[in-house]
Amino acid sequence: MDSNKSFNQQCYDLLRQIPKGKVVTYADIAHQLGGKAYQAVGNAMASNPDVIVVPCHRVVNSNGAIGKYALGTDKKIALLKEEGILLNADNNKVVDLDKQRHNF
DNA sequence: GGAATGACACTAA
DNA sequence: GTTAGTGCCATTC
């Protein structure tokens, strides 16, 4: 907390860098922050105070799963589809995660 | 100050 | 390839 930006604040900052049509895994964000706070990242999104400013819907699990969303998983899937992310119509999983993943 | 929780990840069977 | 169990981090009660 004494830091300039809290951990969750840094997560939002990275999320803001994600362009439309790209997705990132919680592990990538945590790794970018210099650690493996996968769960901490997710917690930050759970506390996401600005769903408009932070595209938390562009964050998916490392295995390609959509994971969850504050407004509802189905809403997240719909948003990803609208963004242009290719998802599996059977399980709603990200297709070619490595190719659609945004490299920081 | 300590314990419990959670929008996850990884390894093993 | 799938399922189960365990570990990690930061935040919150």
Side-chain angles (χ1 to χ4, degrees):
Chain A
M1 298 278 193
D2 24 88
S3 300
N4 227 341
K5 292 169 186 278
S6 296
F7 194 94
N8 89 4
Q9 197 67 64
Q10 291 186 77
C11 295
Y12 305 145
D13 203 51
L14 287 170
L15 266 298
R16 272 194 230 154
Q17 293 177 54
I18 306 173
K20 168 174 170 283
K22 293 284 182 184
V23 294
V24 284
T25 68
Y26 294 93
D28 274 358
I29 298 172
H31 196 270
Q32 263 306 313
L33 291 177
K36 37 199 170 128
Y38 321 116
Q39 195 107 36
V41 175
N43 262 359
M45 305 293 107
S47 247
N48 185 346
D50 300 294
V51 186
I52 318 285
V53 185
V54 183
C56 33
H57 59 266
R58 284 179 194 155
V59 188
V60 297
N61 290 21
S62 70
N63 68 320
I66 299 300
K68 283 195 176 175
Y69 189 55
L71 305 181
T73 312
D74 33 296
K75 188 74 179 181
K76 182 171 180 176
I77 296 167
L79 282 167
L80 288 169
K81 285 184 173 181
E82 290 296 309
E83 296 272 312
I85 308 298
L86 302 175
L87 303 177
N88 188 319
D90 288 310
N91 257 345
N92 298 314
K93 303 258 182 187
V94 180
V95 180
D96 289 314
L97 178 60
D98 274 10
K99 298 176 193 289
Q100 299 192 89
R101 189 187 303 177
H102 169 69
N103 58 15
F104 291 100

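Reminder, nothing fancy here: chain letters follow the sequence lines and each chain counts from 1. Hydrogens, waters and symmetry mates are skipped; everything else that's a heavy atom, side chains included, is used. The structure presented is a predicted model; accordingly, all values stated were derived computationally and were not measured.
- The side chain of Ser6(A) approaches dT11(C) more closely than any other nucleotide in the set dC8(C), dT11(C), dA10(C).
- Counting heavy atoms from C-beta outward, Lys99(A) and Leu86(A) have side chains that stay 4.5 Å or more apart.
- Using a 4.0 Å heavy-atom distance criterion, Ala46(A) is classed as a base contact.
- Side chains of Phe7(A) and Val41(A) form a contact here, defined as non-hydrogen atoms less than 4.5 Å apart.
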Please tabulate, one pair per line, all N/O donor-acceptor pairs under 3.5 Å involving side-chain atoms of residues 16-25 of chain A, not counting sequence neighbours.
| unit_1 | atom_1 | unit_2 | atom_2 | d |
| --- | --- | --- | --- | --- |
| Thr25(A) | OG1 | Asp28(A) | N | 3.1 |

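- Put simply, the side chain of His102(A) does not reach to within 4.5 Å of the side chain of Arg58(A), judged on heavy atoms.
- No N or O donor and acceptor, one from the side chain of Tyr26(A) and one from the base of dA9(B), sit under 3.5 Å apart.
- When heavy atoms are screened at a 4.0 angstrom cut-off, Ala40(A) is found touching base atoms of the nucleic acid.
- Toward the 5′ end of DNA chain B lies the nearest nucleotide of Asn43(A), the other residue of the pair Asn43(A) and Tyr38(A) mapping further downstream.
- Across all non-hydrogen atoms, the minimal contact from Asn8(A) to Ala44(A) is CB-CB, 3.2 Å.
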Please walk me through it: do Ser47(A) and Tyr12(A) pass side chain to side chain contact (heavy atoms under 4.5 Å, CB included)?
-> CA-CA 11 Å; Ser47(A) 247; Tyr12(A) 305 145; 4.2 Å; yes
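- One can place CG of Asn8(A) at 9 Å from C1' of dA10(C), the figure rounded to the nearest angstrom.
- What separates CG of Asn91(A) from C1' of dT2(C) is a distance of 12 Å, to the nearest Å.
- Put simply, CD on Gln9(A) is 14 Å from C1' on dT11(C), counting in whole angstrom units.
- OP1 or OP2 of dA9(B) sits under 4.0 Å from a side-chain N or O of Asn61(A).
- When the nucleotides dC8(C), dT12(C), dA9(B) are ranked by their closest atom to the side chain of Ala27(A), dA9(B) comes out on top.
- Atom P of nucleotide dT2(C) and atom CG of Asp90(A) are separated by 12 Å, given to the nearest angstrom.
- No side-chain heavy atom of Asn92(A) sits less than 4.5 Å from a side-chain heavy atom of Leu80(A).
- What you find for Leu15(A) and Cys56(A) is that their closest heavy atoms are CD1-CA, 4.1 Å.
- In this structure, CD of Gln39(A) is placed 16 Å from P of dA4(B), rounded to the nearest angstrom.
- Side chains of Lys93(A) and Asn63(A) form a contact here, defined as non-hydrogen atoms less than 4.5 Å apart.
- For Ser62(A) and dA9(B), the shortest distance from a side-chain N or O to OP1 or OP2 is below 4.0 Å.
- Rounded to a whole Å, the NE2 atom of His31(A) is 13 Å from the P atom of dC9(C).
- Nearest heavy-atom pair across Tyr26(A) and Lys68(A) is OH-O, 4.3 Å.
- With rounding to whole Å, Asn63(A) atom CG is found 13 Å from dT3(C) atom C1'.
- Closest to the Lys76(A) side chain, of the nucleotides dC8(B), dT11(C), dA7(B), is dA7(B).
- Within a heavy-atom distance below 4.0 Å of DNA chain B, the residues of residues 64-72 of chain A found are Lys68(A), Tyr69(A), Ala70(A).
- dT11(C) atom C1' lies 18 Å from atom NZ of Lys5(A), rounded to whole Å.
- Against DNA chain B, the stretch residues 92-104 of chain A makes no heavy-atom approach under 4.0 Å.
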